[in-house]
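Beneath this line is the structure, given in structure tokens, with notes to follow.
Here the structure is a predicted model, which means the values were calculated and not measured.
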Amino acid sequence: MTLLYTEVEEELRASVRDLLADRCGSDAVLRRAESASPYDMDLWKTLSREIGVAGLLVPEEYGGAGASAREVAVVLEELGRAVAPVPFLTSSVLATSALIGTGDELLGRLAAGEVTVALAVSFAASPYRPAGGVTVRDGVLSGQVRAVAGADVADVLLVPAGGGLYAVDTADVTVEAVASLDLTRPIATVTLSSAPGREIAGADVRRALVTGAGLLASEQLGVAEWCLGTTLAYIKERHQFARPVGSFQAIKHRMADLWLDVVRARAAARNAADLLAAVPHIATDAAADAAAVEAGELAAAVAKSWCSEVALRVAEEAVQLHGGIGMTWEHPVHLYLKRAKSTEIALGTPGAHRDALAVLTDLPAPA
């Protein structure tokens, strides 16, 4: 195991970062957040088809890159740095993770960038609670799921129902966008009224949610790194009493504490990506598989609980240390604060992951 980035990972980072610098500046993100179509689907097509991020997790036999959670984590770091309004997390991580190991035809279409898919569970759903709200009878689904991220731009929904997972065309359901705290990641209410579904055998929704939660920590790391770097640059330039604000001892101490938090967040996020990459999607050796799954779940719980709080804390400090300009709509720091808060709640709160961690490590319950 290594927490260092490989040469391939750094090359992938450079490709994604260069594209985002060219196409996804803060002004462009803010303009799109104010529009009726927050997602940048043209940018998504470039990312998915030209750089190939949509098929990173898809095995090579289905046309994907056959990469691992480590490469996905690098992409998420860069998307977090840019608060990029693209459905990578929802389609290429959550939905794809649910499909891996099933051999379903959607894998090939995902890898080619032909379709965008969303897992129809609440974005606030915990990996440790079963998803509900939809019933199925003879392949026909009915029910409602609230706060689904990525549903408004998905071509296909993966809907958990009756203990299974069903592929449903979005043309056969009602998707109603609702107000979202994060302007760059819309959510929607999905209503199924006798919608036809195709069952996908062998799908593991819980594993997908654990993987999503563990890798979401890398996006939170990217958010925290941007906030820290931008704030550091600002306090070097901003003068008060004829001195840079950053030269005051109290500010130095606050920045040092934030830097330490971000360094720890990087270690936690990288550890989660590395151990999730080792989790097999096809059963081989029962004992080894069980150990790898448990290690991945432990790492994901640690990373999500820690990185959630760090991203939010660094974003809050960024707003405050920017002074008056940090409170304005025109400065992009509020987008990062909203992304940090929404991802803190998403895919299990820090408290839910700490509770799961206590169970996984056999810690005694408090008296």
Side-chain angles (χ1 to χ4, degrees), residues 1-17 20 51 53 56-57 65-84 88-89 92-94 96-97 100 127 207-229 256-281 291-315 336 339-340 343-344 346-348 350 353-354 356-357 360-361:
M1 182 180 74
T2 175
L3 303 186
L4 300 178
Y5 298 97
T6 66
E7 184 178 346
V8 171
E9 289 165 1
E10 290 293 7
E11 290 174 355
L12 176 60
R13 181 196 304 282
S15 297
V16 175
R17 183 176 292 189
L20 294 178
I51 297 183
V53 302
L56 280 177
L57 284 178
S68 72
R70 290 177 59 100
E71 290 79 14
V72 170
V74 168
V75 174
L76 283 167
E77 286 179 32
E78 294 308 310
L79 296 179
R81 283 177 179 270
V83 286
F88 178 75
L89 176 70
S92 303
V93 180
L94 284 170
T96 301
S97 294
I100 291 177
R207 179 82 60 85
L209 293 175
V210 169
T211 300
L215 291 176
L216 183 55
S218 291
E219 182 186 288
Q220 293 169 323
L221 171 62
V223 168
E225 288 181 333
W226 183 92
C227 290
L228 182 65
D257 288 342
L258 294 178
W259 181 82
L260 285 172
D261 282 346
V262 171
V263 168
R264 296 178 186 123
R266 186 180 302 116
R270 291 299 295 165
N271 182 59
D274 192 70
L275 291 177
L276 287 169
V279 176
H281 293 286
V293 168
E294 183 175 347
E297 290 192 359
L298 279 167
V302 170
K304 180 59 169 65
S305 59
W306 176 256
C307 293
S308 290
E309 295 181 339
V310 168
L312 183 58
R313 181 160 55 249
V314 178
Y336 290 83
R339 173 67 69 91
T343 56
E344 181 199 33
L347 301 178
H353 285 285
R354 282 193 287 267
L357 190 61
L360 288 168
T361 54

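- Nearest heavy-atom pair, Val16 versus Val75, reported as atom, atom and distance to 0.1 Å: CG2-CG2, 4.3 Å.
- Side-chain contact between Ser97 and Leu57 is present, with heavy atoms from C-beta onward closer than 4.5 Å.
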I would like to know whether Val310 and Arg264 meet side-chain contact (heavy atoms from CB on, under 4.5 Å); could you show each step before the answer? CA-CA 9 Å; Val310 168; Arg264 296 178 186 123; over 6 Å; no
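- Annotation: salt bridge (Lys or Arg N to Asp or Glu O under 4.0 Å) contacts of Glu309 (sequence neighbours excluded): Arg354.
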Steps toward side-chain contact (heavy atoms from CB on, under 4.5 Å) verdict (Val302, Asn271): CA-CA 9 Å; Val302 170; Asn271 182 59; over 6 Å; no
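- When all heavy atoms of Leu357 and Leu298 are compared, the closest pair comes out as CD1-CD2, 3.4 Å.
- Annotation: side chain of Arg339 is not in contact with side chain of Gln220 (no heavy-atom distance under 4.5 Å).
- Atom CZ of Arg81 sits about 7.5 Å away from atom CG of Leu221, to the nearest 0.5 Å.
- In terms of modelled atom types and a separation under 3.5 Å, the side chain of Glu71 and the main chain of Ser68 share a donor-acceptor contact.
- Side-chain contact check for Leu12 versus Ile51: some heavy-atom pair is nearer than 4.5 Å.
- Salt-bridge check for Glu77 with Arg266: failed, with every basic side-chain N at 4.0 Å or more from each acidic carboxylate O.
- A distance of 6.5 Å separates CG in Leu216 from OG in Ser308, rounded to the nearest 0.5 Å.
- Side-chain contact between Arg207 and Ile100: absent, with no pair of heavy atoms (C-beta onward) separated by less than 4.5 Å.
- Every residue two or more places apart in sequence or in another chain that forms a salt bridge (Lys or Arg N to Asp or Glu O under 4.0 Å) with Glu344 is listed here: Lys341.
- Using a 4.5 Å heavy-atom threshold, the side chains of Val293 and Glu297 count as touching.
- Thr343 places a side-chain N or O within 3.5 Å of a backbone atom of Ala340 that can act as its donor or acceptor partner.
- Taking 4.5 Å as the limit, some side-chain heavy atom of Leu20 sits within range of a side-chain heavy atom of Leu79.
- Distance alone, capped at 3.5 Å, is enough to place a donor-acceptor pair between the His353 side chain and the Leu347 backbone.
- Using modelled atom types, no side-chain atom of Tyr336 and backbone atom of Gly80 make a donor-acceptor pair closer than 3.5 Å.
- Checked by atom type and distance alone, the side chain of Lys304 pairs as donor or acceptor with a backbone atom of Gly348 at under 3.5 Å.
- Arg313 is linked by a salt bridge (Lys or Arg N to Asp or Glu O under 4.0 Å) to Asp261, counting only residues two or more places apart in sequence or in another chain.
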